[in-house]
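Quick notes on the structure that follows.
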Amino acid sequence: MKYFNVAGPCNREKHYMINASNRLQGVEELIDSEQYFVIHAARQSGKTTYLKNLVQQLNDEGKYYALYCSLERVQNIIEPEKGVPAIVHSLTTYLRYSKLPHINEFALNADTPHTEILFTSLVDYCMLLDKPLVIFFDEADCLSENTLISFLRQLRSGYNDRSTMPFVHSVALVGMRNLRDYKAKIRPDSETLGSASPFNVIKKALTIKNFTKDEIIQLYSQHTAETGQIFNGDAVELVWEQTQGQPWLVNAIACEVIAEILQSDYTQPITPELVSQAIQNIILERPTHIDSLLERLNEKRVRKIISPMIMGKDINNTKSDDFLYTRDLGLIREVDLQIIPANPIY
């Protein structure tokens, strides 16, 4: 029997889920036009689930070879002589478990300088392929300082030289941060970016939206169809009001009601009272999702936005990097020219 997932990517064979492609438009068009781009969204909003499903879809369609690669293992490696080979090692690992061809010929060459190892590895691998390669770098905003600069520079070199040598057809950098916030992860005393900024290779930044109310109804209806357990209309309305469609919260409330409060008794309908109890339980238990939000409040640039909002003061510059960063983290929203928390639970 399927269940509401609150830990890690969703699997349609195991979990109730909504196809994230409805909440993110334009990716396939960017791939077809050979673009490099950013996908950003708040934590636990469905990014990794979306990427893995898209990689499978692209490989099944047969027009491209598509590869998913998480860069989480490279976090905090700021020295490029260590960080960039670690990125190539991650690519090697993910290729090994993919169904792409020539995986054994993509290998870490210790003799190649770190300033070229990513570039040459991808050039050499693309030369072996009979179809264009698309790579989705998940957790790309884990990279920082000179490792980030070198990574982007080598992608930019390959992008600019694609007319004379094979290179990656399309690249997506995926994480919580929009492109402008990658620059915040570079210290002023780090290697200069110079005029040929590695950031100018990015065509566009896209974000994954929260569930709509209709999508919450669709998600919960999957459980009803399988078990017969009904979500009262007022209960769904309360979930929508309290979560504003934040995917983890929507799943967590259903999971808490069904598995914990009702102990999987599917004969009882889910009411607003049960939803309210679940919300209080989630807040008091402080799961990782809630704790990660609390950690963000320790960031100076987030506090600059959250503190005046809590105190009822006006936030004058809603175009500032700090405001946009806090909004992109999924912490706030703008309603009728007022800045408020992203949802009542937060």
Side-chain angles (χ1 to χ4, degrees), residues 23-27 30 35-47 75 78 139-146 148-149 152 172-212 241-249 289-346:
R23 299 184 284 131
L24 180 61
Q25 304 292 327
V27 170
L30 287 169
Q35 302 300 331
Y36 287 19
F37 56 97
V38 166
I39 298 173
H40 67 97
R43 186 179 297 280
Q44 293 179 302
S45 56
K47 297 185 296 295
Q75 187 171 13
I78 63 175
E139 306 288 352
D141 49 355
C142 285
L143 304 181
S144 59
E145 299 187 24
N146 287 336
L148 171 61
I149 294 173
L152 291 174
L173 306 181
V174 186
M176 289 194 298
R177 299 168 183 263
N178 200 343
L179 180 64
R180 62 179 173 273
D181 296 306
Y182 283 68
K183 300 176 186 179
K185 302 197 76 175
I186 299 173
R187 293 201 321 259
D189 59 339
S190 295
E191 172 190 327
T192 179
L193 294 178
S195 58
S197 170
F199 295 98
N200 65 18
V201 73
I202 302 299
K203 170 70 174 179
K204 194 171 185 179
L206 306 173
T207 189
I208 299 179
K209 300 175 183 176
N210 283 346
F211 292 149
T212 63
E241 174 192 309
Q242 291 290 307
T243 68
Q244 292 297 302
Q246 204 290 327
W248 186 88
L249 290 175
H289 181 87
I290 302 298
D291 265 353
S292 69
L293 296 176
L294 294 174
E295 288 173 12
R296 292 292 171 188
L297 299 182
N298 291 319
E299 293 187 33
K300 185 176 180 180
R301 58 192 308 205
V302 172
R303 293 173 69 90
K304 285 170 62 177
I305 304 300
I306 297 295
S307 291
M309 180 189 72
I310 290 173
M311 297 170 68
K313 297 180 179 179
D314 289 336
I315 300 173
N316 297 321
N317 188 1
T318 58
K319 301 298 182 184
S320 71
D321 285 348
D322 291 339
F323 176 85
L324 296 173
Y325 172 66
T326 305
R327 186 196 64 186
D328 290 345
L329 290 175
L331 297 175
I332 59 174
R333 60 190 173 115
E334 190 172 359
V335 178
D336 297 329
L337 302 180
Q338 281 192 312
I339 309 304
I340 61 175
N343 59 65
I345 294 175
Y346 288 178

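Predicted model only: the values in this text are computed from it and were never measured.
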Check for a donor-acceptor pair, side chain of [X] on one end and backbone N or O of [Y] on the other, with a separation under 3.5 Å.
X	Y	result
R303	L297	yes
T326	D322	yes
N343	I345	yes
E334	L337	no
S320	N317	yes
E299	R301	no
K47	A41	yes

Report the distance from atom [atom1] of [X] to atom [atom2] of [Y], rounding to the nearest 0.5 Å.
X	Y	atom1	atom2	answer
L173	F37	CG	CZ	9.0 Å
I39	K204	CD1	NZ	11.5 Å
I78	L148	CD1	CG	12.0 Å
S144	I149	OG	CD1	10.0 Å
S307	K313	OG	NZ	9.0 Å
L331	R296	CG	CZ	8.0 Å

Between [Y] and [X], is there a side-chain heavy-atom distance shorter than 4.5 Å?
X	Y	answer
L206	V38	no
L249	Y346	yes
I332	I305	yes

Return the minimal non-hydrogen interatomic distance between [X] and [Y], and the atom names on each side.
X	Y	answer
R23	I208	NH1-CG2, 3.3 Å
F323	T318	CD2-O, 2.9 Å
I340	M309	C-SD, 3.6 Å
S45	P247	O-CG, 3.6 Å
D141	M176	OD2-N, 2.7 Å
Q244	R333	OE1-NH1, 3.4 Å

Exercise. Verify the neighbour count for atom CG of D291: are there more than 12 heavy atoms of other residues, nucleotides or ligands below 6.0 Å?
Key: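 Atom CG in D291 is packed in, count exceeds 12.
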Exercise. Please test Q246 against R43 for side-chain contact (heavy atoms from CB on, under 4.5 Å), starting from the C-alpha separation and ending with a verdict.
Key: CA-CA 10 Å; Q246 204 290 327; R43 186 179 297 280; over 6 Å; no
Quiz prompt | Evaluation steps, side-chain contact (heavy atoms from CB on, under 4.5 Å), between L24 and V27 | solution = CA-CA 7 Å; L24 180 61; V27 170; 3.8 Å; yes
